[in-house]
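Below: the structure, in structure tokens.
All chains are named by letter (A, B, ...) in the order of the sequence lines, taking the proteins before the strands, and each is independently numbered beginning at 1.
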Amino acid sequence: MSRYNFRESEAKWQRHWRERRLFEVTAEPGRPKYYVLEMFPYPSGKLHVGHVRNYTMGDVVARYRRAQGFNVLHPMGWDAFGLPAENAAMAENSHPAVWTHENIRTMRAQLERMGFAYDWSREIATCHPDYYRHEQKMFLDFLAADLAYRRESWVNWDPVENTVLANEQVIDGRGWRSGAIVEKRLLSQWFLRITAFTEELLEAIGGLERWPERVRLMQENWIGRSDGARVFFTIAGTDERIEVFTTRQDTLFGASFLALSPNHPLALRVAEKDAGLAAFIAECNRMGTSEAVIEAAEKRGYATGLEAVHPFDESRHVPIWVANFVLMEYGSGAIFGCPAHDQRDLEFARKYRLPVIPVVLPLGADPANFAIGETPYLDDGTVFNSAFLDGLSVADAKRAAAERLEALGRGERTTAYRLRDWGVSRQRYWGCPIPVIHCESCGIVPVPEKDLPVTLPEDVDFAVPGNPLDHHPTWKHVPCPRCGQPARRETDTFDTFFESSWYFLRFCSARAPTAFDRQAVDYWMPVDQYIGGIEHAVLHLLYSRFFTRALKRCGYLDLDEPFAGLFTQGMVCHQTYQSETGEWLFPEEVETDGAGRLVDAAGREVIAGRHEKMSKSKRNVVGLDAIVDTYGADTARLYLLSDSPPERDLEWTETGIEGIWRYVNRLWRLVSEPPATLPPPGLPIPSRLPAEVATVRRTNHKAIAAVTDDLDKFRFNRAVARIRELTNALDELPVGAPGAAHALREGLETLARLLGPMMPHLAEEMWEQLGHEGSLAEEAWPQSDPELTRDEQVTMAVQVNGKLRATLDIPRDTASAAVEDAALALPQVARWLEGHAPRKVIVVPNRIVNIVA
RNA sequence: GCGGACGUGGCGAAAAGGUAGACGCAGCAGACUUAAAAUCUGCUCCGGGCAACCGGGUGCGGGUUCGAGUCCCGCCGUCCGCACCA
């Protein structure tokens, strides 16, 4: 009994594809294209099976579309800038570039072993000046188009690392690496004006039909549109106005205070003369931004002593407070408080004994007895206690109040968004230098295009905390391009999301001297199928959508949406194991002893934990190399496709992969030692076949139709099940029957073709065994013959009162009346009718008969 | 708090409103073998029955329908995203 020699076969076919450059493509205007892209990896060290699941799905799509005749672009590259390289450099006393390139080498070799159909001639690494020089140019164009700007902004500052931290890097108020308490600091930073496209980005989500609903919702929430009004309150005794944003202008008569953010300009001004307020503001700024801190934080405020004049009633004054729960970044940094109809305002009012004035009456409630207790009233009702708004519904009152504000010049309707401009400055070395120069006399001067790229210096020292570019002895000192006086370079680098916001464009013409060749982009873009993790649902995908629009505005291309189709795949999980002392164990360190208990190598008991996403820290990872060494790439690929729907998490199990390995060998035996002598390829199949053989042919053609449909809809697990059904059917073929050998050949060829995108090496090997010349990768996708998928005989379910009582084998498309007669004639049916005539009979052709007694 | 997704055998799962559990994993029994591995065959939702068969069954409670895992209403649970967002 022979075993499939995947080692030999996989190397052989990989060589075959490489030598013939089968997957290198060029734009062919007029020929239908298909651009398949998997989110490119950060070269962190080694590929894990989670990566491979992602790339396998992409490879199935790429090979399938190719077989369908599309000109398929399927590239791969490296998102190569980022903090881990710097951390590794510090830890290993190496250089980020060295570490990164080593990882790329390792990971590329791993990808090659998997047999993915990439056009390697388009490989890119974003840390290469040939890549990042183009984004420096883009930045200068954005600057000229007012899509990039510099401003002071509050940032999370790690005082030990001497750098800005992203919100995600602040854990419980501390730096994720240093553990130092994070401070808020006002820092001058570069921003990209994503808010110039807010409404466009929001509106266009509706057109992203081939995106998961979930991702579209997440982006909508992230942009966070809310319609309301800005309202101007005058500070009593002055002409000065305070602007407030609200969505509830209908409740203005319920206002009992104004609250300013601690960083509101007015608050800061008052604090100059009010030491108590200054101390309060300082305390607010020290407070962490983490979820836990906010959850536990009490509403706290400080009365400024100032009062504001009510816009609808000048005789009414409300106190102005500074409150810790008002965000400077949202709306105008100031709110009016209506405790009766807002949870936070109510908490605040109760604490500081401010009035609670209900102005919306629930339907049917008695205005004389209605009072607010523990909870505010948030639903619709009738407005009261509100002068000209009395009697209106909430919606009508919103409109009426807004109109009155506009007429009085004390406010106007407006829309606020949660989305903020994208801060791109990082005080880091291993990133793309921001191409500007700071000059004492000329201010900010863009680096002239002829001086691009601004490259990173190689001789850097990571021993000193902070930004190595900043403390490099010479790098930042340059003459001002405008006046020639000594000036200094910007030492911040771009956020690494900058690189991933346009790499899909670079792939269209990866060696172009410009960022990309316009004709190549016009041909290949948009990406037809993008595949990646849900963790990028917002940031990367939103930034890329923005970038595409910004580049369009700067004349680079004519495209709004970069990704026509998006698929977010689930994670790969594995059971976790812990020793009795709580240390995490690798799966290969765990064995089963004679009594069936889990033990480690030394026989100590092991505790099996939850099934979780594979992570290095919990050691529940399986090494890709070990899997491929033991079972081969095809087995790993099929397992990743077969066990769970692709959008759901996949549980990696040893027994699961072994099951696939058994199947691989079964396929191999079926072609290398077929149960009947196969006729040579290309012979027509006899048209008259015994029923058992005809059935197998039907299964064959049904499998083609079903697998085609499943691949179109990303249902890989079902496609695998259909292919296995066909395999089972071929095993049951009566080999001695007339035409059986022909049907067997047809079935085996179908298996090879359908498996081609999933297990390309084995499929090629099968194809060759079946006597074909050349590569299966160049064969067309099989067509199912509709005539051959139709059953002649159907089994119909027969129900009495909705319960299954019998089945009926009957020729397909038998007339309903005849079906009814046949069903009523069944003894099982007669028994349940007990001699009564049926009241009603429903016949669904070829499916079911339901007899209502 | 707001928004969303999902609840089906021992496990991963499948079912255009039409025979629930395809396909696989694990398990049990058997064949081959001196033996094991590999391979092959059969069984495997629950309860009752020697059996044909009968009853029950898709988180819980209702509803629509000839017919509901699927549609509608109300609960319960799990997971995810956002969150002092005014």
Side-chain angles (χ1 to χ4, degrees), chain A residues 1 3 212-222 224-226 228-229 231 244-249 251 259 261 289 291 293-295 297-299 323-327 329-338 341-345 347-348 378 416-420 534-535 537-538 611 639 642-645 647-660 662-663 665-666 669 706 715 717-728 731 795-808 828 831 838-853:
Chain A
M1 182 157 306
R3 278 197 152 206
E213 184 59 26
R214 183 153 81 115
V215 175
R216 296 195 297 183
L217 272 163
M218 281 164 78
Q219 293 216 351
E220 271 173 30
N221 293 340
W222 189 264
R225 178 186 163 121
S226 46
V231 184
V244 152
F245 175 76
T246 181
T247 56
R248 293 302 302 272
Q249 61 272 20
T251 64
S261 163
T289 50
E291 193 180 319
V293 172
I294 288 166
E295 194 93 4
E298 207 182 345
K299 307 273 171 291
N324 64 347
F325 64 90
V326 181
L327 305 174
E329 302 84 27
Y330 188 76
S332 60
I335 61 158
F336 82 83
C338 176
H341 306 292
D342 183 280
Q343 181 63 49
R344 289 163 323 209
D345 297 350
E347 281 173 46
F348 192 76
L378 304 172
Y417 299 91
R418 210 189 77 97
L419 183 69
R420 288 169 224 160
I534 187 71
E535 67 273 18
V538 178
H611 296 255
Y639 178 54
S642 69
D643 235 34
S644 290
E647 69 279 7
R648 235 179 271 180
D649 288 352
L650 173 96
E651 177 65 25
W652 185 278
T653 64
E654 201 57 31
T655 52
I657 188 105
E658 276 167 10
I660 301 292
R662 281 197 296 271
Y663 177 60
N665 281 295
R666 202 177 136 204
R669 281 194 304 275
R715 295 189 297 216
N717 57 322
R718 284 196 0 169
V720 173
R722 298 310 292 253
I723 293 171
R724 294 188 78 136
E725 274 180 282
L726 175 58
T727 315
N728 293 345
D731 258 348
T795 304
M796 293 180 71
V798 180
Q799 298 182 334
V800 179
N801 290 332
K803 281 194 192 299
L804 180 74
R805 295 302 178 193
T807 57
L808 186 62
Q828 300 97 313
R831 222 175 88 206
R839 273 195 281 171
K840 194 174 175 185
V841 179
I842 288 131
V843 177
V844 181
N846 300 327
R847 301 204 77 131
I848 203 164
V849 186
N850 191 11
I851 296 156
V852 187

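Comparing A/Ser644 and A/Arg724 along RNA chain B, the residue whose closest nucleotide (by nearest heavy atom) sits nearer the 5' end is A/Ser644. In terms of position along RNA chain B, the nucleotide closest to A/Arg214 lies nearer the 5' end than the nucleotide closest to the other residue of the pair A/Ile335 and A/Arg214.
Side-chain N/O atoms of A/Asn221 and base N/O atoms of B/C82 include no donor-acceptor pair closer than 3.5 Å.
Base pairing annotation: B/A22 forms no Watson-Crick or G-U wobble pair, as no partner gives both donor-acceptor distances under 3.5 Å. When both pairing distances are held under 3.5 Å, B/U58 makes no Watson-Crick or G-U pair with any nucleotide shown. B/G30 is paired with B/C40 under the criterion used here, namely a Watson-Crick or G-U wobble arrangement in which both key atom distances are under 3.5 Å. For B/U78, the paired base is B/A5 (Watson-Crick or G-U wobble, both distances below 3.5 Å).
Pairing each heavy atom of A/Ile660 with each of A/Arg724, the nearest pair is CD1-NH1, 4.0 Å. Nearest approach of A/Asn801 to A/Asn850, heavy atoms of both residues: N-OD1, 3.6 Å. Closest of all the heavy-atom pairs between A/Phe325 and A/Lys299 is CD2-CD, 3.5 Å.
Salt-bridge check for A/Glu347 with A/Arg344: failed, with every basic side-chain N at 4.0 Å or more from each acidic carboxylate O.
The A/Ala721 side chain lies nearest to B/A22 when the options are B/A22, B/U39, B/A86. Taking only side-chain atoms of A/Leu217, from C-beta outward, the nucleotide of B/G4, B/A86, B/A13 with the closest atom is B/G4.
When the side-chain nitrogen and oxygen atoms of A/Ser226 are compared with OP1 and OP2 of B/A86, one or more of them lie within a distance under 4.0 Å. Contact between the side-chain N/O atoms of A/Arg662 and the OP1/OP2 oxygens of B/A26 is found at a separation under 4.0 Å. Considering only side-chain N and O atoms, A/Arg648 lies under 4.0 angstrom from the phosphate OP1 or OP2 of B/A13. Contact between the side-chain N/O atoms of A/Lys803 and the OP1/OP2 oxygens of B/C54 is not found at any separation under 4.0 Å.
Using a distance-only test at 3.5 Å, with no hydrogens or angles considered, no donor-acceptor pair links the side chain of A/Tyr639 to the main chain of A/Gly659.
Syn is the glycosidic conformation of B/G9, whose angle stays within 90° of 0.
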